[in-house]
Amino acid sequence: MIYIHKEKNEIFSEHTTQVKDSEMNIFSRYAEQKTVFRDKNVLQSSFIPEKIEHRDAEIDQLVAILAPILKGYASSNIFIYGPCGTGKTISTKYVVNHLNNAVIDIGLSNLRTIYINAKMKKVADTEYRLFAQLLREFGCSIPDSGLPTNAIYRRFFEEIDKQNQNIIIIIDEIDTLFKKIGDDFLYNLTRMNNELEKSRVSIIGITNDLSFRESLDQRVKSSLSEEEILFKPYNALQLRDILTNRAESGFIDGSVDGLILNKCAAIAAQEHGDARRALDLLRVSGEIAERLNSEKIGELHVDMAKEKIELDRVTETVRNQPAHSKLVLVSIIRLSEVKKQPKSWSDSRILTGDVFELYKDICAKNNISPLTQRRISDLIGELDMLGIITANVISKGRYGRTREIHITLESRVKENVLRMLKEKYSI
DNA sequence: AGTCCACAGGAAGGGCAGGCGA
DNA sequence: TCGCCTGCCCTTCCTGTGGACT
């Protein structure tokens with residue numbers, strides 16, 4: 001039987017002794033531990049600061065495009081592109097927040113903004129789910145499946161046109177949705193204003209994929225890209241400014257110095273000027289320093305943070321993969337070990353056929369019926385997309401066309417993944 | 001120049017789970 | 001309950017491909 005003590009908010013069982021003495025509490029060591037953080041939220045990449053560094057031009061551009069909304073008109077559709085961690089999402093949210101405030105200041109109340117991340121699995125990664133999610137933003141209750149897509153479309157139009165509203169729909173990672181379902185949904189969304197009587201809709205599409213725009217149908221391209229804004233990567237100096245700013249309010253004085261900020265900025269700058277990466281690195285370094293009871297972040301903590309972030313990313317990604325993907329990955333890791341000491345050059349290469357053969361053996365060992373080679377080919381492609389392996393199509397002349405596979409993980413990460421999978425499978 | 005290999009990858013469709021409305 | 005709809009995972013069938021070999 002479990003009891004909850006209402007005043008103290010304690011949960012305890014009738015068979016266990018209640019903890020009375022605070023010294024005995026298993027968390028007391030952590031409660032007393034010194035902290036390096038003043039406000040950890042500031043160091044999250046999703047945090048929107050009062051001022052966004054080094055994005056003045058892009059923000060000005062966005063403001064100018066969205067300004068007609070203040071006069072009650074629809075703004076142009078906007079297409080925002082640039083690599084990961086260049087401030088696209090945060091700048092858009094920042095501008096939209098300011099726009100919302102400005103609209104309230106002048107006494108209008110008809111602006112509505114909806115933010116959707118198309119990469120969120122099971123949320124907005126199909127046409128049905130996208131429109132279902134948009135409808136939910138309007139307070140409608142929509143089942144996860146079961147309704148015809150055109151019924152969802154119709155309901156969405158009706159809902160939007162109910163009131164005299166200016167609606168901004170921000171679709172982040174829009175390329176993910178396009179790759180999955182094509183561009184019909186974009187055509188319909190961007191042409192919605194022709195059908196609506198009372199409301200006006202503006203679309204802001206955000207993507208990391210610089211080639212995405214080129215793959216769009218001409219009609220969609222012209223309506224989505226009425227205005228385009230490119231976000232360039234930050235350089236090391238700009239990243240350092242961003243980190244300095246966040247560190248001032250995020251850390252206690254004296255717990256982080258310029259050397260550490262430089263190091264985090266330099267590592268992130270090497271990786272395509274990704275500010276998100278720089279902030280994660282700084283925050284995790286702080287967490288590690290705190291756990292080691294250190295009052296100050298050192299270079300060692302940054303090195304440990306770098307390794308931990310990579311380890312966590314891969315382990316978490318692998319953990320979330322379906323069983324057959326895991327077995328394919330095991331096959332690739334095993335082959336990479338065998339092929340470390342090749343008898344000839346061709347022996348050192350991992351090819352789709354090799355992976356499929358070993359995968360079938362592992363399936364047999366585990367009493368799992370194997371998938372077809374066609375499906376395994378797709379799973380290899382998915383692992384490539386996740387950045388766990390690289391798989392390039394090569395031709396071996398009369399010996400056929402295949403994919404040459406390399407595993408990109410460091411040996412410690414590889415060992416960790418193998419250990420995790422060994423707990424579940426006989427490999 | 002033609003042949004051949006070992007796949008890549010597109011298209012179509014089956015089976016399943018789950019939800020809705022009559 | 002049943003028919004119809006959805007997404008998802010998978011198989012089957014097929015065509016295309018690049019370069020070594022003949």
*Could you check how far OH of Tyr399(A) sits from P of dG19(C), rounded to whole Å?*
16 Å
*Hey, does the side-chain of Arg403(A) have a donor or acceptor N/O within less than 3.5 Å of a partner on the base of dG9(B)?*
no
_Pair Asp39(A)-Ser249(A), side-chain donor/acceptor within less than 3.5 Å_ = no
*asked:* From the set dG18(C), dG10(B), dC4(B), return the single nucleotide nearest to any side-chain atom of Arg374(A).
replied: dG10(B)
_Phosphate OP1/OP2 of dC10(C): any Arg375(A) side-chain N/O under 4.0 Å_ = yes
*What is the distance from CZ of Phe131(A) to C1' of dC5(C), rounded to the nearest Å?*
17 Å
*What is the distance from CG of Asn392(A) to P of dT17(C), rounded to the nearest Å?*
19 Å
*Charged N to carboxylate O under 4.0 angstrom, Arg412(A) versus Glu415(A)?*
no
*Determine: side-chain N/O of Ser377(A) to OP1/OP2 of dG9(B), distance under 4.0 Å, yes or no.*
no
*Determine, stepwise, if the pair Phe231(A) / Tyr81(A) fulfils ring pair (Phe, Tyr, Trp, His ring centres under 6.0 Å).*
CA-CA 6 Å; Phe231(A) 279 65; Tyr81(A) 59 110; 9.2 Å; no
*So does Thr372(A) get a side-chain nitrogen or oxygen closer than 4.0 Å to the phosphate oxygens (OP1/OP2) of dT11(C)?*
yes
_Closest approach to the side chain of Thr402(A), judged atom by atom: which nucleotide of dC10(C), dC7(B), dC21(C) is it?_
dC7(B)
*asked:* Against the six-membered ring of Tyr73(A), is Lys71(A) placed for a cation-pi contact (under 6.0 Å from the centre, within 45° of the normal)?
replied: no
*CZ of Arg349(A) versus P of dC7(B): gap in Å, rounded?*
12 Å
*According to a strict under-4.0 Å criterion, is Ser395(A) in side-chain N/O contact with OP1 or OP2 of dA20(C)?*
no
_Protein-nucleotide distance (Asp378(A), atom CG; dA8(B), atom P), rounded to Å_ = 9 Å
*Could you state the CZ-P distance from Arg398(A) to dA1(B), rounded to the nearest angstrom?*
18 Å
*asked:* By nearest heavy atom, map Leu371(A) and Lys396(A) onto DNA chain C; which one lands nearer the 5' end?
replied: Leu371(A)
*salt_bridge(Asp361(A), Lys365(A)) N-O dist < 4.0 Å*: no
_Can you measure Glu404(A) atom CD to dT17(C) atom P for me and round it to whole angstrom units?_
21 Å
*Measure from CG on Leu379(A) to P on dG9(B) and round the result to the nearest Å.*
13 Å
